[in-house]
A.B. asks: 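Following this message is one structure expressed as structure tokens.
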There are 2 protein chains.
Amino acid sequence: MTTATGSRTSPDKHDARRRALAESALRTLGELGYTRTSLREIAQNSEFSHGVVHYYFRDKHELIVYCVRYYKETCVRRYDGVVTTATTPLELLDGFADKLVETLVEEAPMHRLWYDLRSQSMFEESLREAVLHIDGTLEDMVWRVVSRYAELCGTVPALTPRVTYGLVDGLFQQALLGFLSGRGGVLDELRATVRGLMPTLVRAEA
Amino acid sequence: MTTATGSRTSPDKHDARRRALAESALRTLGELGYTRTSLREIAQNSEFSHGVVHYYFRDKHELIVYCVRYYKETCVRRYDGVVTTATTPLELLDGFADKLVETLVEEAPMHRLWYDLRSQSMFEESLREAVLHIDGTLEDMVWRVVSRYAELCGTVPALTPRVTYGLVDGLFQQALLGFLSGRGGVLDELRATVRGLMPTLVRAEA
DNA sequence: GCATTTTCTGGACGACTGTCAGGAATCGGT
DNA sequence: ACCGATTCCTGACAGTCGTCCAGAAAATGC
């Protein structure tokens with residue numbers, strides 16, 4: 001108790017445990033959603049017991065916020081590669097649209113979980129801070145893409161970051177619901193729409 | 001039992017009761033959201049007992065879908081007045097933007113309930129049919145506005161109904177979250193954004 | 001008035017929830 | 001090898017949920 005850390009095991013171990021738990025929990029959450037997921041269900045789909053969840057996280061609330069934060073942390077870097085490597089507007093456009101469609105398909109459960117959480121935050125004020133923060137990082141993510149696209153076009157974005165994000169997010173959410181509903185052609189439609197929309201998000205070239 | 005109707009009381013009475021129950025339930029649902037609202041809570045905030053809810057609705061699922069359907073039925077006619085009375089593009093533009101902001105403020109609980117339900121439908125397939133149908137009516141609603149606006153401009157819409165709705169809905173949802181979070185300036189921003197966006201939703205005049 | 005149907009009440013049931021006290025396992029220091 | 005402290009986990013608790021139901025109350029037709 002006299003050591004600086006105050007504990008025998010390193011805090012790294014503790015954090016690693018939290019991350020492992022979060023990763024397992026994310027699978028269940030993505031499958032069942034915010035409310036239908038119980039701590040027991042999370043524990044059952046993992047190697048841990050349901051009590052240990054409460055040992056590492058104060059309550060269900062903290063666990064879920066941690067999970068989504070953890071996921072989105074890597075999520076917002078998804079387009080950084082395309083942004084830095086693209087040398088022409090079209091290249092960036094295709095890369096962005098493709099990756100958008102790709103993540104929609106491959107990580108659909110994660111995305112619907114995010115929208116679920118954001119909807120819940122409209123009712124539960126305790127969720128709002130985390131949601132608004134994540135929303136901000138997503139806004140930045142989109143902004144990096146659009147402003148780089150504008151740069152490659154030799155112009156500047158036409159709208160504010162907020163509005164730009166709002167538009168793209170609306171389309172993405174719509175496509176996600178369509179995809180989950182098994183509606184055909186949704187993916188190509190999203191790709192085409194984004195490609196068509198992007199030029200209108202930047203100022204007309206001089 | 002030999003009559004054509006098969007019952008003594010008219011089915012109108014039955015439907016009227018369902019509507020009354022739905023209206024009461026909507027208040028609670030708008031306040032607490034889909035999952036945190038229990039049938040007991042709904043009953044408590046009404047003049048009925050919690051058993052009568054199950055008498056008029058098979059289960060919670062049917063009640064909530066009925067409620068949101070019932071609300072959206074009147075919701076989708078909100079802009080019809082503006083659409084028919086406006087004689088200039090600007091008039092329609094202002095009328096639409098104003099009404100959009102008005103309903104966001106005055107019926108915020110209803111709107112967040114709708115987004116809640118739509119998010120839930122990404123997980124529960126049983127909700128999907130109702131959600132997709134409502135989404136379609138909202139798409140039509142937006143389309144009526146935009147195509148009339150195009151007409152007044154002497155042109156035609158530039159995008160598909162789906163995409164047009166996706167864009168507007170994304171902005172609205174973003175503004176709703178901002179409004180509920182107490183972020184200032186959200187209303188004026190929405191109004192200004194819609195006014196600026198609308199011209200880009202129709203083809204440039206010849 | 002009675003008989004029948006509709007409407008409503010409020011309690012009971014089983015399943016499930018988040019939570020946590022207290023025991024088991026593990027570990028570092030000696 | 002042993003002990004006390006720390007870490008981890010199990011079982012049980014109190015509460016809530018949707019649902020169902022037996023029967024009271026009210027409405028209706030004759």
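Values below: every heavy atom of this structure, side chains too, minus hydrogens, waters and symmetry copies. Residue numbers start from 1 in every chain, and the chains themselves are labelled A, B, ... in the order their sequence lines are given, proteins ahead of strands.
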A.B. asks: Just checking B:Tyr56: base, sugar-phosphate only, or nothing, at a heavy-atom cut-off of under 4.0 Å?
C.D. replies: sugar-phosphate
A.B. asks: Would you mind classifying the nucleic acid contact of B:Thr35 as base, sugar-phosphate or nothing, using non-hydrogen atoms under 4.0 angstrom?
C.D. replies: nothing
A.B. asks: Once salt bridge (Lys or Arg N to Asp or Glu O under 4.0 Å) is applied, what residue pairs with a partner in residues 169-185 of chain B remain, sequence neighbours excluded?
C.D. replies: B:Arg118-B:Asp169
A.B. asks: Using side chain to side chain donor-acceptor pair (under 3.5 Å) as the criterion, list what pairs up with A:Gln174, not counting sequence neighbours.
C.D. replies: none
A.B. asks: Which pairs of donor and acceptor atoms, one on a side chain in residues 33-40 of chain B, lie under 3.5 Å apart (sequence neighbours left out)?
C.D. replies:
| from | atom 1 | to | atom 2 | distance (Å) |
| --- | --- | --- | --- | --- |
| B:Arg36 | NE | B:Leu32 | O | 3.4 |
| B:Thr37 | OG1 | B:Gly33 | O | 2.6 |
| B:Ser38 | OG | B:Glu41 | N | 3.1 |

A.B. asks: Tell me, please, which residues at least two apart from A:Val76 pass side chain to side chain contact (heavy atoms under 4.5 Å, CB included).
C.D. replies: A:Thr137, A:Leu138, A:Met141
A.B. asks: Who are the side chain to side chain contact (heavy atoms under 4.5 Å, CB included) partners of B:Ser49, not counting sequence neighbours?
C.D. replies: B:Val52
A.B. asks: Does B:Leu132 form a side-chain contact (heavy atoms from CB on, under 4.5 Å) with A:Leu177? I'd like the steps, not just the answer.
C.D. replies: CA-CA 9 Å; B:Leu132 290 178; A:Leu177 181 57; 4.2 Å; yes
A.B. asks: Does anything in residues 100-142 of chain A pair up under ring-ring contact (aromatic ring centres under 6.0 Å, His included), and if so which pairs, sequence neighbours excluded?
C.D. replies: A:His111-A:Phe172
A.B. asks: Who are the side chain to side chain donor-acceptor pair (under 3.5 Å) partners of A:Thr87, not counting sequence neighbours?
C.D. replies: A:Glu91
A.B. asks: Given C:dT9, D:dT10, D:dG18, which nucleotide is nearest the side-chain atoms of A:Ser49?
C.D. replies: D:dT10
A.B. asks: In residues 38-48 of chain B, which residues come under 4.0 Å of DNA chain D by heavy atom?
C.D. replies: B:Ser38, B:Leu39, B:Arg40
A.B. asks: Can you pull out the residues from residues 120-128 of chain B that lie within a 4.0 Å heavy-atom distance of DNA chain C?
C.D. replies: none
A.B. asks: With sequence neighbours left out, which residue pairs that include part of residues 189-198 of chain B fulfil the salt bridge (Lys or Arg N to Asp or Glu O under 4.0 Å) condition?
C.D. replies: A:Arg162-B:Glu189, B:Asp94-B:Arg195, B:Asp98-B:Arg191, B:Asp188-B:Arg191
A.B. asks: Considering only side-chain heavy atoms of B:Tyr55, which listed nucleotide, C:dT7, C:dG18, C:dT19, is closest?
C.D. replies: C:dT7
A.B. asks: Going by atom type alone, with no hydrogens or angles, which donor-acceptor pairs under 3.5 Å involve a side-chain atom of residues 20-27 of chain A and a protein atom two or more places apart or on another chain?
C.D. replies:
| from | atom 1 | to | atom 2 | distance (Å) |
| --- | --- | --- | --- | --- |
| A:Glu23 | OE2 | A:Tyr70 | OH | 2.5 |
| A:Ser24 | OG | A:Asn45 | O | 3.4 |

A.B. asks: Under 3.5 Å between N/O atoms: give me all the protein pairs with nucleotides 20-22 of chain D, atom names plus distance.
C.D. replies:
| from | atom 1 | to | atom 2 | distance (Å) |
| --- | --- | --- | --- | --- |
| D:dC20 | OP2 | B:His54 | NE2 | 3.2 |

